[in-house]
Amino acid sequence: VEPVTPVYKTNLPKEEIRNSQFEKVFPLHYKTYLRNDESTIMTEYGGSVPYNKHDNVNPLPEGYKHAQPYLKNLWLGYPFSFEYRAARGHTYAVDDIMHIDRINRYDEKGGLPSTCYNCKTTMMPKFIEEHGQDFWAKDFNQFRQALDAKDHTIGCTNCHNAETMELQLYSEPLKAFLEADGRDWNTIPRNEKRSMMCGQCHVEYYFQKKEFGPAARPVFPWTEGLDPENMYTYYKGHGDSTIKGFEGQFYDWIHPVSQTPMLKAQHPEYEMWSNGAHGAAGVACADCHMSYKRLDGKKKISDHQWTSPLKDVNLNACRQCHTDKTPEYLRGRVVDTQQKVFDQLLIAQEISVRAHEAIRRAAEYAGDKPASYEDLMIEAREWCRKGQFFWDYVSAENSVGFHNPTKALDTLAKSQQYSQKSVEAAIRATGFAIAKDLDGDIKQLVPPILNHSRELMMDPEHMKSHEWFKYLKVAPKAPLIWDGQTRVAPAGAAS
Amino acid sequence: VEPVTPVYKTNLPKEEIRNSQFEKVFPLHYKTYLRNDESTIMTEYGGSVPYNKHDNVNPLPEGYKHAQPYLKNLWLGYPFSFEYRAARGHTYAVDDIMHIDRINRYDEKGGLPSTCYNCKTTMMPKFIEEHGQDFWAKDFNQFRQALDAKDHTIGCTNCHNAETMELQLYSEPLKAFLEADGRDWNTIPRNEKRSMMCGQCHVEYYFQKKEFGPAARPVFPWTEGLDPENMYTYYKGHGDSTIKGFEGQFYDWIHPVSQTPMLKAQHPEYEMWSNGAHGAAGVACADCHMSYKRLDGKKKISDHQWTSPLKDVNLNACRQCHTDKTPEYLRGRVVDTQQKVFDQLLIAQEISVRAHEAIRRAAEYAGDKPASYEDLMIEAREWCRKGQFFWDYVSAENSVGFHNPTKALDTLAKSQQYSQKSVEAAIRATGFAIAKDLDGDIKQLVPPILNHSRELMMDPEHMKSHEWFKYLKVAPKAPLIWDGQTRVAPAGAAS
Amino acid sequence: MSLLKEGQSGRRWQAVILAGLAGVALTVGAGLAMVTTDTAGFCGGCHAMSEAVLTHSQSVHSKLSCNDCHAPHNIVAKIPFKAAAGTRDIYVNTLGTVPDLIHPVGNTLEVVQANCVRCHTSTVMTVNMDNKESCMSCHRHVPHTPRKPISTRKAADV
Ligand SMILES: [Ca+2]
Ligand SMILES: [Ca+2]
């Protein structure tokens, strides 16, 4: 016999999606839920301050010592190069997406599809009900004012049935995956559900191309498996590329410097965890991130503050299982692993930058070229794409390797090898002519881009501040239209 | 009730070192001890068949699918290039060292010091008693007939006091280290002793240079710490090198192809384990490799067959602690880790070969050289030395990473980076002239040396079979003098 | 960490005084009570003990009563031990704050360890039993299977 989660009768309507409505029914749970507002405590590698993840120069809250300086270089030409911050609590999800510079707030069109809403709000069932599968491809800005930043941010109904509080899927892409996989929610063991709730969002995804179904629908690239190699294989199909050597492949954007069709990995926590020491042993996300608390001193409830378990000095979450270990010991094990992973991450990142630079120089090389030049350039771009995706699988994952130390380190070693092969193929493509120019410290060769944003993109002076910016067009001046959910410029202000 | 620790009175004399004498006193233990003779069972990456560790071509018992083909290249000029096999049981230790081609059996002088005996026999106290600290530097062959292959192979008194069976150190280098570290054997907790018994031999060591104490005495390079970086720092001192750029550093031999002063790592099991998930948690070597058995159906005894715990289909050793897991699950976890580690090992190995080749070509380069040529060549050799040592730390360790998955993978990533830097420095030293020649598949550039031995070294034809052999001298023809412990040629037969 | 511990033991001391009478009544009342108060049924009557009861019921030792392990076997030592432990458990449960994580405290591990040895003497007397901190260093599953996924041993309280 296994313990069973209690079921409730909330007396709330089935369609209820406002978080506030659950406070009266579950005051204790709600109290822990509100603790997601905490956004100042840091741990060595994690924590809740939303600093800029590329800024290793400025102190908190703007930057942090363990930041990766080349993010803006690696994502150039893609919205992620404008702004990417460390995650904080679920209660900020709507607020943060409304302010993020990845979505264009200087234009009527945000430039990103409404797909983004899928993982930020309880509104999804309503959106889908109203717009059906056309919803995804609609412009993000169209719905800015459709939701309430607090009442509709990630909350109860993202995981629970409003009437009974049973665990329930709301996420369209996870539902679709399970269905295709022939799995029925009702027969999935409770222990797996305790992780799948998070697997609704903390996963790699992409926007579906219209050739394969509703345009811009979020899809999890999982049919080949959850490891980076599997996803890379998956992305060899499922696309509409007509680029020579990459026909039919999926890509998120073309890197303007190296003209490489790139992939962006996003928060593959579920995938990373799945075959690590804990995931394989059946230790669920909720075991560590929602461990039981007794708020009234008596009854256990699942802690609904989803944050780093290391914020707790006692590491109680861990010591439910590791009863024989001290908090200091356990913290030491985590940080030791993270340090190894982060150091390798920095190295992988640099080789990836070198790959783009090598391809750029090879593409611009005017001297004699070998007969195989075209093939070598395709090869260089393919390794560059692969090396960066493998780096990103670990970089975008939020545990800095702890969820799966061996997979993280193995993936980074591979990333380094692939990116190095890219550099070598590019050099080969010029008959070794550029070998010399490419040699040397990457920081000299390609300095990190420390500042970049949609606004700076409109500034011709800024656009002269880095060699790589010449592959971007200066954007036409435009006023800010959206400050979060508030329209600050009249309709039609943008050209 | 306090648990009562058994104490024994064996009625054997304190000086007893013959294994056979313990059979009557401990028949059950002796029975398990004799099982060390088992030498045919393999696991996926480990097991007890003493195949040639470079031979991935021939089937067992000569070779094995998971062998590293470049070992003879990487150790060229050093006895390890003649013969290096997978380890088997302790009962073979004397027999195997008597037959190994690392020691010259074609000359009165074995060419290696008697230091080797330190980890093969119970005879050491006697040897030291008779010869004092002069023992180490004496030639190995001088003692070939001094010991009995079975009665004096690794046995009871390597770990036990013959009168009381208390755990006891015999190993000179470990005693010396503990003393320098200010630790007293009697105050060391038993749990630590359960690993230190193995730490007497399953460790990295080197032959001391006479400037630092008795010549050829075995020393563990541990004063800076047990990680590869620490040992590398240690070896920057403690040597007598006069090579420019390496003054005062320790080296085991000079690689003839790249003229690099090299380090050889040997079986750092203790060091690898020490800060892994198990070692850090206090799980001792004996817990996994000597787990209790109940031979007479009731009482537990420590199993004295030291071998792979994976040979047991039930993985009982593991399941004393991981009771909730199936043998299949646990085996899967081990092999998954080992596969990742072994794949990275193969890659690190290849880059290391490329480094030697790059330095060779740079050294022979006749064209224009940059002003910094000499410095760059030193740099190339330093990275080559470091890259190969880091590779060897994992390669020579016998668990294929399982004893410490994160350290193993991290060390291999570093090895790859260092060796790559070596290649780059060598290329730089030629003003990039050799970049082109060095490009391409390493197997074409430098084929693996599949056959090599002291006997083949005497064969001028063989010595023409690989490009790299030209850096070795053909050895003068000489007859075999020693077949194990039997002299097969009269004294003076060798020139 | 240490601060917290102090706070807790402070409360416990209070507990012995405050709830002393109740405890004594419960634990040394009669011979019958002596047996009843050893059983899983009695211990499990308390909510805070439900996880331990559940995992115990799944273990090889399910036929044992809790106090076969958790109280000294020697009756002279057992009575005061039970009085103190029982009093504390009851006090904390009714008047105090049940901690998020219940850890063995005081001499619990020693008491349990002695009981292991008591039953299993013949199995263990041939090896060195001071080679680990306790039997549980190896027999980590005995009897509360702490490394099993939490959903197989815990749920929120209704
Ligand atoms: Ca993606
Ligand atoms: Ca060595």
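The basis for the numbers below is simple: all heavy atoms, side chains too, and nothing from hydrogens, waters or symmetry mates. Quick note on labels: first sequence line is chain A, next is B, and so on, each numbered from 1.
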Is chain C contacted by the side chain of [X], its backbone, both, or neither, given a heavy-atom distance below 4.5 Å?
{"X": "His278(A)", "result": "neither"}
{"X": "Arg294(A)", "result": "both"}
{"X": "Ala286(A)", "result": "neither"}

Under 4.5 Å from any heavy atom of chain A - which part of [X]:
{"X": "Ile150(C)", "value": "both"}
{"X": "Ser50(C)", "value": "side chain"}
{"X": "Gln58(C)", "value": "side chain"}

Q) Nearest heavy-atom pair of Pro3(A) and Ser151(C): which atoms, and what distance? A) CD-O, 3.3 Å
Q) What are the two closest heavy atoms between Lys299(A) and Asp157(C), and how far apart are they? A) CA-OD2, 3.4 Å
Rounded to the nearest 0.5 Å, what's the gap from [atom1] on [X] to [atom2] on [Y]? Could you check?
{"X": "Ile102(C)", "Y": "Gln320(A)", "atom1": "CD1", "atom2": "CD", "result": "12.0 Å"}
{"X": "Arg319(A)", "Y": "Asp100(C)", "atom1": "CZ", "atom2": "CG", "result": "11.5 Å"}
{"X": "Glu2(A)", "Y": "Arg153(C)", "atom1": "CD", "atom2": "CZ", "result": "11.5 Å"}
{"X": "His103(C)", "Y": "Asp324(A)", "atom1": "NE2", "atom2": "CG", "result": "10.0 Å"}
{"X": "Lys154(C)", "Y": "Ser291(A)", "atom1": "NZ", "atom2": "OG", "result": "7.5 Å"}

